[in-house]
K.L.:
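Here it is, the structure, as C-alpha cells.
Within every chain, numbering begins at 1; the chains are lettered A, B, ... in the order of the sequence lines, protein sequences first and strands thereafter. Keep in mind it's a predicted model, so treat the numbers as computed, not measured.
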Amino acid sequence: MSQVRVRFAPSPTGFFHIGSARTALFNWLYARHTGGTFILRIEDTDKERNSEAFLQVIYDSLNWLGLNWDEGPKVGGSGGGNHGPYRQSERGDVYRQYVNRLRDAGRAYEKDGAIWFKLLGERYEVFDDHRKKTVTKVKLPPVVIEDQIRGRVERMEDEDFVIVRSDGNPVFHLVNVVDDIAMEVSHIIRGEDHLSNTSKHVLLFEGFGMKPPAFAHIPLILKQNGPGKMSKRDQGALIEEYQKRGYLPEALVNFLCLLGWNPGDDREKMPIAEIVRLFDLPGVNQSNARFDDKKLAHMNMAYLLEQPADRFVTLARDFFQRTDTPAARAALATDAAFFRDVMLLSQPKVKGVEELPAYTAYFFTDDFAIDAKVRDKVMAKGDPKARLAELIELLTTADFSSDTAVEETIKALAAKNGLGFGDYQAIARLAVSGSNVGPSITGMFRVLGRERVLARMRRFAAAARDGQP
RNA sequence: GCCCUCAUCGUCUAUCGGUUAGGACAGGAGAUUCUCAAUCUUCAAAGCGGGGUUCGAUUCCCCGUGGGGGCACCA
C-alpha cells in the first residue's frame, strides 16, 4: 500500500475558524492513523486578500491545537520536506510549467488574455438565462467522483474554465490540482463546499494524465443560530477566541472530533491517542453538524477538572495576564503561593478559567462589594449578628492550618450552641466574601488566613451594628 | 433558476432489516454537600411526509418536503 499523504491548504485571507480547524484536524488524524504525512500548504495566490499577520494566525492556531505538520513552512518543530516551496506565492514557476504541459497536450488555450482549460467533446452554443449571455457548452459524460465518505457522486461539467487569469495569476482550481500532483497527495480531505469544484479538479488531473487522488468530503459545521454554515463572523467561530478565553486545546480538539465523527460507541471524552487509533474516513458522518457552545463548554470543564495542579495554575496565570482588569492586576500582584492556593481552591468550582478573575476577586482585595440581595436574605434569617460575634471570638485563637481544622472548630461551636454548620456558614461567607457563591468556607479561611478573615468579619460586624453593612 | 448533497430527541450522535430506538449536551425533578458548582439518581424528549420492496422497515428503492453547499478571470 502506498504512503498516505494528506494536506491542509488554508488561505490566509481571514481568521482561522472552527470549520478550518476541523478540516485540518481530520487530515491530521488520518495522517497519524495511517502513519502518513500531513502537509501544510499555504494557498496565498490572492495577493489582495492575504497578509503575513493572517499567516501567523494559521501557524499559531495549528500549534495551539497540537496539529503539527510534517511538511510545509518551517515553524517551530513543524515543517520541512522536499516537495516545497509550500507557499503558492512562491510556486509561480511550477504553475507555468504545468500550464505549458497542458498547452502542449492541446488542453489549454488563450482567450480574452486568460488561459482556459479545454474540455474534450462536441461544442454548441446556448443562451444561459441565469447569466443572461450566450455560452459555449461541451458535451461530455458526467464526471464520476468516488468519495470515501459520500460514495459515488456524479457531476456534469460542460464549460471550459479559466485556469490563468488575464493578469497572469493562476486560479484556485489549477494551483490546487498542480500542487496536489507535485506534492504527491494521496487523499484530499476537505469540506463539502468543495464537492462542486471536484469535478473540475478530476478533469484537470486527467488533463495532466494523472489518476485523481482519493477524495473525502466532510460535512460542514452549521452556525449555532440562524441559517447557513459557520463563517468567520459568527459568534464563537474563531479559534483564537478560545485560545484567548483560556479553553484547553485538547477539549476543543475532542469536541471537534465529535462533530461528524464518533468512535462507534458511547464514548465522548477520549484521549487524542485513542481517537487517532480509531479514526477512519468511512466513519465520518455525511450530514452537517450544528455547532453547540454549551457542549464545548462542558467538555472544557471536564478536562479542566482533571488538570494537574501545576498546569491549572499556569493556565490561570496566563489568563490573568491577558486580562487587563483591576481584579486581574490585583491578583497578579499578590504572592505566587497565595495565587496558587486560591486557584487550586477554585479549580473544582469553575467551568472555565475565564470565570476565575471575577470568581476569586475578593481573595485579592479587601475592597470587595457586598451583594445586597444576598445580604438581605442572610441577615433576615436567624440571628446572624450573634453567630458572627461567636465566630470572631472563636477564630481569634483557632487553628487555621488546614480545612479540617477550621471545619472541626466551627462544628464544635455549632454543636455547643445546638446549631448546625450552616447557621455559621452563610454569615461567615457573606462577611468574608460579600457573596453566597464560592469555594468551601473552610478552604477559604485556610487560604485567606486568620488575620484577613478576622479583619473582614470585624469590619462587617461593625457595619452591621451601625446600620447596613 | 440549474447542479450536487444531506435527513433519528432542541443539539451532537448510536443502530449497518427484527432494539422497551441507546448515550451525551441543554432542560425538569430529587439526593448529597457549608453556599454555588461538581457528582449521583431520575423525568421529559426523536425515526420529515407519501409510496413501494420485504414475513418484517429508522435502516433498502422512488417521489415529495425541508436543510446545506455550489453555479466567478474568489479561495
K.L.:
Of the candidate nucleotides G69(B), U35(B), A75(B), which contains the atom at the shortest distance from the side chain of R429(A)?
P.N.:
U35(B)
K.L.:
Can you tell which of C4(B), C73(B), A75(B) lies closest to the side chain of V162(A)?
P.N.:
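Comparing C4(B), C73(B), A75(B) against the side chain of V162(A), the answer is C73(B).
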K.L.:
Taking the side chain of D193(A) as its heavy atoms from C-beta onward, which of C36(B), G69(B), A75(B) lies nearest to it?
P.N.:
G69(B)
K.L.:
Quick one: do D180(A) and R41(A) make a salt bridge, cutoff under 4.0 Å?
P.N.:
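Looking at R41(A) together with D180(A), the answer is yes, because their closest N to O distance falls below 4.0 Å.
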K.L.:
Less than 4.0 angstrom from a charged side-chain N to a carboxylate O is my criterion; do R91(A) and D179(A) meet it?
P.N.:
yes
K.L.:
NA contact type, A114(A), heavy-atom cut-off 4.0 Å: base, sugar-phosphate, or nothing?
P.N.:
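Here A114(A) touches the bases of the nucleic acid.
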K.L.:
Return the value, rounded to whole Å, for the distance between atom CG of L259(A) and atom C1' of A24(B).
P.N.:
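Computing the L259(A):CG to A24(B):C1' distance gives 13 Å.
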K.L.:
Expected output is a numbered-order residue list: members of residues 261-271 of chain A with a heavy atom under 4.0 Å from any atom of RNA chain B. What is it?
P.N.:
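RNA chain B contact set from residues 261-271 of chain A: N262(A), D266(A), E268(A).
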K.L.:
So what does Q224(A) touch, heavy atoms closer than 4.0 Å: a base, only the sugar-phosphate, or nothing?
P.N.:
nothing
K.L.:
Quick one: is the NZ or CZ of R22(A) closer than 6.0 Å to the six-membered ring centre of F26(A), and within 45° of its axis?
P.N.:
yes
K.L.:
Which residues satisfy the ring-ring contact (aromatic ring centres under 6.0 Å, His included) test with F363(A), sequence neighbours excluded?
P.N.:
none
K.L.:
Does a side-chain N or O of R165(A) approach OP1 or OP2 of A75(B) to a distance below 4.0 Å, or not?
P.N.:
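Answer is yes, contact under 4.0 Å.
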K.L.:
Do the charged groups of R267(A) and D265(A) touch, with an N to O distance under 4.0 Å?
P.N.:
yes
K.L.:
Could you check whether the side chain of S166(A) and the base of C73(B) have a donor-acceptor pair of N or O atoms closer than 3.5 Å, going by distance alone?
P.N.:
yes
K.L.:
Going 5' to 3' through nucleotides 27-33 of chain B, assign each nucleotide B (protein heavy atom under 4.0 Å from a base atom), S (under 4.0 Å only from sugar-phosphate atoms) or - (no protein heavy atom that close).
P.N.:
-------
K.L.:
What nucleic acid atoms does G420(A) come within less than 4.0 Å of, heavy atoms only: base, sugar-phosphate, or nothing?
P.N.:
nothing
K.L.:
Is the H194(A) to H217(A) ring centre distance short of 6.0 Å?
P.N.:
no
K.L.:
Counting side-chain heavy atoms from CB outward, which of C36(B), C73(B), C34(B) is closest to V437(A)?
P.N.:
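The nucleotide sitting nearest to the side chain is C36(B).
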K.L.:
Is S287(A) touching bases, backbone alone, or none of the nucleic acid, heavy atoms closer than 4.0 Å?
P.N.:
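Since only primed, P, OP1 and OP2 atoms lie under 4.0 Å of S287(A), the category is sugar-phosphate.
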K.L.:
So does K295(A) reach the base of A24(B) with its side chain, donor to acceptor, closer than 3.5 Å?
P.N.:
yes
K.L.:
What salt bridge (Lys or Arg N to Asp or Glu O under 4.0 Å) pairs are there with at least one residue in residues 187-203 of chain A, not counting sequence neighbours?
P.N.:
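Applying salt bridge (Lys or Arg N to Asp or Glu O under 4.0 Å) to every pair that reaches into residues 187-203 of chain A, excluding sequence neighbours, yields R150(A)-E192(A), E157(A)-K200(A), D193(A)-K229(A).
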K.L.:
Salt-bridged, D160(A) to K118(A), with N to O below 4.0 Å?
P.N.:
no
K.L.:
I would like to know whether E355(A) and K349(A) meet salt bridge (Lys or Arg N to Asp or Glu O under 4.0 Å); could you show each step before the answer?
P.N.:
CA-CA 10 Å; E355(A) 293 176 5; K349(A) 313 290 286 184; over 6 Å; no
K.L.:
Base of C34(B), side chain of T442(A) - is there a donor-acceptor contact under 3.5 Å?
P.N.:
yes
K.L.:
Can you tell whether the side chains of E268(A) and K295(A) come within less than 4.0 Å, N to carboxylate O?
P.N.:
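Counted as a salt bridge, because a side-chain N and a carboxylate O are separated by less than 4.0 Å.
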K.L.:
For U35(B), does OP1 or OP2 lie under 4.0 Å from any side-chain N or O of Q425(A)?
P.N.:
no
K.L.:
Under 4.0 angstrom, heavy atoms only, what part of the nucleic acid is L296(A) near: base, sugar-phosphate, or nothing?
P.N.:
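Since no nucleic acid heavy atom lies under 4.0 Å of L296(A), the category is nothing.
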K.L.:
At 4.0 Å (heavy atoms only), tell me whether N197(A) reaches a base, stays on the sugar-phosphate, or touches nothing.
P.N.:
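If one applies the 4.0 Å heavy-atom cut-off, N197(A) turns out to touch a base.
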K.L.:
Tell me: CG of N285(A) to P of U11(B), nearest whole Å?
P.N.:
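In whole Å, U11(B) P and N285(A) CG are 15 Å from each other.
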K.L.:
Checking K269(A) against Y303(A): charged group under 6.0 Å from the ring centre and within 45 degrees of the axis?
P.N.:
yes
K.L.:
Under 3.5 Å between N/O atoms: give me all the protein pairs with nucleotides 64-68 of chain B, atom names plus distance.
P.N.:
residue : atom : partner : partner atom : Å
G68(B)  : OP1  : G228(A) : N            : 3.0
G68(B)  : O2'  : N288(A) : ND2          : 2.9

K.L.:
Which nucleotide sits closest to the side chain of Q286(A): G70(B), C6(B), C36(B)?
P.N.:
C6(B)
K.L.:
Assign H217(A) to base, sugar-phosphate, or nothing according to its heavy-atom contacts below 4.0 angstrom with the strands shown.
P.N.:
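The answer is nothing, as H217(A) stays clear of every strand by at least 4.0 Å.
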K.L.:
Quick check on RNA chain B: between S440(A) and K111(A), whose nearest nucleotide comes earlier from the 5' end?
P.N.:
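Here S440(A) is the residue nearer the 5' end.
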K.L.:
So what's C9(B) paired with, Watson-Crick or G-U wobble, going by both distances under 3.5 Å?
P.N.:
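Base partner found: none.
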K.L.:
Taking only residues two or more places apart in sequence or in another chain, which ones pass ring-ring contact (aromatic ring centres under 6.0 Å, His included) with Y247(A)?
P.N.:
Y242(A)
